[in-house]
Amino acid sequence: EEYRVVKQTADHVELAAELAEGLAILTSYTLAEDQLDVSHQVTNHSKRAQTIAPITHPEWAFKSFGDETIIRLRQGKSWHEMPLNPDQRKSRDLDFTGKSMPAGQWQAISAVAPLVLEESFDAREVAQTRLSFGGWGNLNLELHFKPKQLKPGQSAMYRLAWTVKPREP
């Protein structure tokens, strides 16, 4: 799909795309005080019901994180920590589902820059999360949303937020 800018200000941009199947996507990025709020609205403009299961897959420059990066997954009220690449692999895919899936929040704590990247989302809408990196030079934190059926004219909204904050010493 090809996106076009439909609205833009100093702290907000909206991008729209029309898909061949009669679906339309409106993606909004809003820079708030300390985070980037992202929303994806999918609307069914066709004459038949359609099932959607969006995947968000933002990519971050891996060189800003490094092999020794720590990944934190929110598990209830506590955090579960794990090394990103303890075996020094060239690529890695980690899938989290069910009880292993983050409860609405996860973080990448950089080993090479003094930063923490955090994603927040509504875990009730997500079926699976995937963390991956590889030879393309990016760290990818994906959300695989649960399938949802849209009747003609119906829309679904998906929201998430990204925060970049200083790493604690």
Side-chain angles (χ1 to χ4, degrees), residues 1 3 6-7 11-60 65 69-84 92-110 115-134 138-165 167-168:
E1 66 273 359
Y3 283 87
V6 295
K7 184 177 180 182
D11 59 359
H12 178 84
V13 66
E14 290 180 6
L15 306 169
E18 300 286 333
L19 305 180
E21 302 83 18
L23 295 173
I25 302 172
L26 180 65
T27 298
S28 172
Y29 298 94
T30 303
L31 189 57
E33 185 174 315
D34 64 346
Q35 70 182 28
L36 177 65
D37 294 321
V38 181
S39 67
H40 303 282
Q41 179 179 320
V42 182
T43 302
N44 182 1
H45 290 298
S46 76
K47 296 182 189 252
R48 62 180 177 80
Q50 296 194 54
T51 301
I52 62 169
I55 299 171
T56 61
H57 50 89
E59 295 183 358
W60 304 88
F65 294 91
T69 290
I70 298 296
I71 299 301
R72 281 180 155 175
L73 307 174
R74 173 68 74 186
Q75 301 290 331
K77 294 181 181 181
S78 61
W79 290 96
H80 170 71
E81 290 190 1
M82 60 196 285
L84 174 63
R92 187 174 190 196
D93 289 324
L94 298 170
D95 291 325
F96 303 99
T97 58
K99 291 181 180 182
S100 73
M101 195 176 79
Q105 211 171 22
W106 61 355
Q107 298 178 335
I109 304 167
S110 176
L115 64 88
V116 176
L117 175 66
E118 180 176 284
E119 180 179 25
S120 301
F121 57 93
D122 185 347
R124 297 170 299 183
E125 295 184 359
V126 177
Q128 171 185 340
T129 59
R130 174 177 288 158
L131 171 69
S132 61
F133 68 89
N138 290 334
L139 176 63
N140 193 332
L141 301 168
E142 298 178 356
L143 300 178
H144 295 243
F145 289 92
K146 294 177 181 176
K148 187 179 285 190
Q149 188 174 64
L150 296 181
K151 295 177 183 173
Q154 192 175 22
S155 296
M157 181 70 77
Y158 302 91
R159 289 186 168 87
L160 52 117
W162 286 98
T163 306
V164 178
K165 47 189 164 184
R167 182 180 66 216
E168 297 175 10

Legend entry - Closest heavy-atom pair and its distance - A123, G104: CB-N, 3.5 Å
Legend entry - L115 side chain near R167 side chain, heavy-atom distance below 4.5 Å: no
Inset, instruction - Check for a donor-acceptor pair, side chain of Q50 on one end and backbone N or O of N44 on the other, with a separation under 3.5 Å. - result: no
Legend entry - Side-chain H-bond candidate by donor/acceptor type, H57 with E59, under 3.5 Å: no
Legend entry - Nearest atoms (heavy-atom pairs only) where P152 meets A49: CD-N, 4.0 Å
Legend entry - Steps toward side-chain contact (heavy atoms from CB on, under 4.5 Å) verdict (F65, L117): CA-CA 10 Å; F65 294 91; L117 175 66; 3.8 Å; yes
Inset, instruction - First locate atom OG1 of T43, then atom CD of E18, and finally report the distance between them rounded to the nearest 0.5 Å. - result: 9.0 Å
Legend entry - T69 and F133, any side-chain heavy atoms less than 4.5 Å apart: no
Legend entry - T97 OG1 to R130 CZ distance, which is reported to the nearest 0.5 Å: 11.0 Å
Legend entry - F96/H80 under side-chain contact (heavy atoms from CB on, under 4.5 Å): CA gap, chis, key distance, verdict: CA-CA 12 Å; F96 303 99; H80 170 71; over 6 Å; no
Legend entry - Beyond-backbone contact of E118 with S120, side-chain heavy atoms, under 4.5 angstrom: yes
Legend entry - Approximate separation, where rounding is to 0.5 Å, of I55 CD1 and H144 NE2: 4.5 Å
Legend entry - Closest contact, heavy atoms only, P83 versus R92: O-NH1, 3.3 Å
Inset, instruction - Can you see which heavy atom on V6 is nearest to which on A16, and at what distance? - result: CG1-CB, 3.8 Å
Legend entry - Close side-chain approach of F145 and I52, heavy atoms under 4.5 Å: no
Inset, instruction - Tell me, please, which residues at least two apart from R72 pass side chain to side chain donor-acceptor pair (under 3.5 Å). - result: E81, Q107
Legend entry - Nearest heavy atoms of S100 and Q75, plus distance in Å: O-NE2, 3.3 Å
Legend entry - Main-chain N/O of R124 paired to D122 side chain as donor or acceptor, under 3.5 Å: yes
Legend entry - Close side-chain approach of T129 to F121, heavy-atom, < 4.5 Å: yes
Inset, instruction - To the nearest 0.5 Å, tell me how far L139 CG sits from S132 OG. - result: 7.5 Å
Inset, instruction - Please test S28 against H12 for side-chain contact (heavy atoms from CB on, under 4.5 Å), starting from the C-alpha separation and ending with a verdict. - result: CA-CA 7 Å; S28 172; H12 178 84; 2.9 Å; yes
Legend entry - Stepwise side-chain contact (heavy atoms from CB on, under 4.5 Å) check, L141 with W162: CA-CA 11 Å; L141 301 168; W162 286 98; 3.5 Å; yes
Inset, instruction - Return yes when atom NZ of K7 has more than 12 non-hydrogen atoms of other residues, nucleotides or ligands closer than 6.0 Å, and no otherwise. - result: no
Inset, instruction - Kindly compute the distance separating CG (L84) from CD1 (I109), expressed to the nearest 0.5 Å. - result: 11.5 Å
Inset, instruction - To the nearest 0.5 Å, tell me how far S46 OG sits from L19 CG. - result: 11.0 Å
Legend entry - For the student: nearest non-hydrogen atoms of A24 and H45, plus distance: CB-CD2, 3.4 Å
Inset, instruction - For residues E14 and L26, determine if any side-chain heavy atom of one lies less than 4.5 Å from a side-chain heavy atom of the other. - result: yes
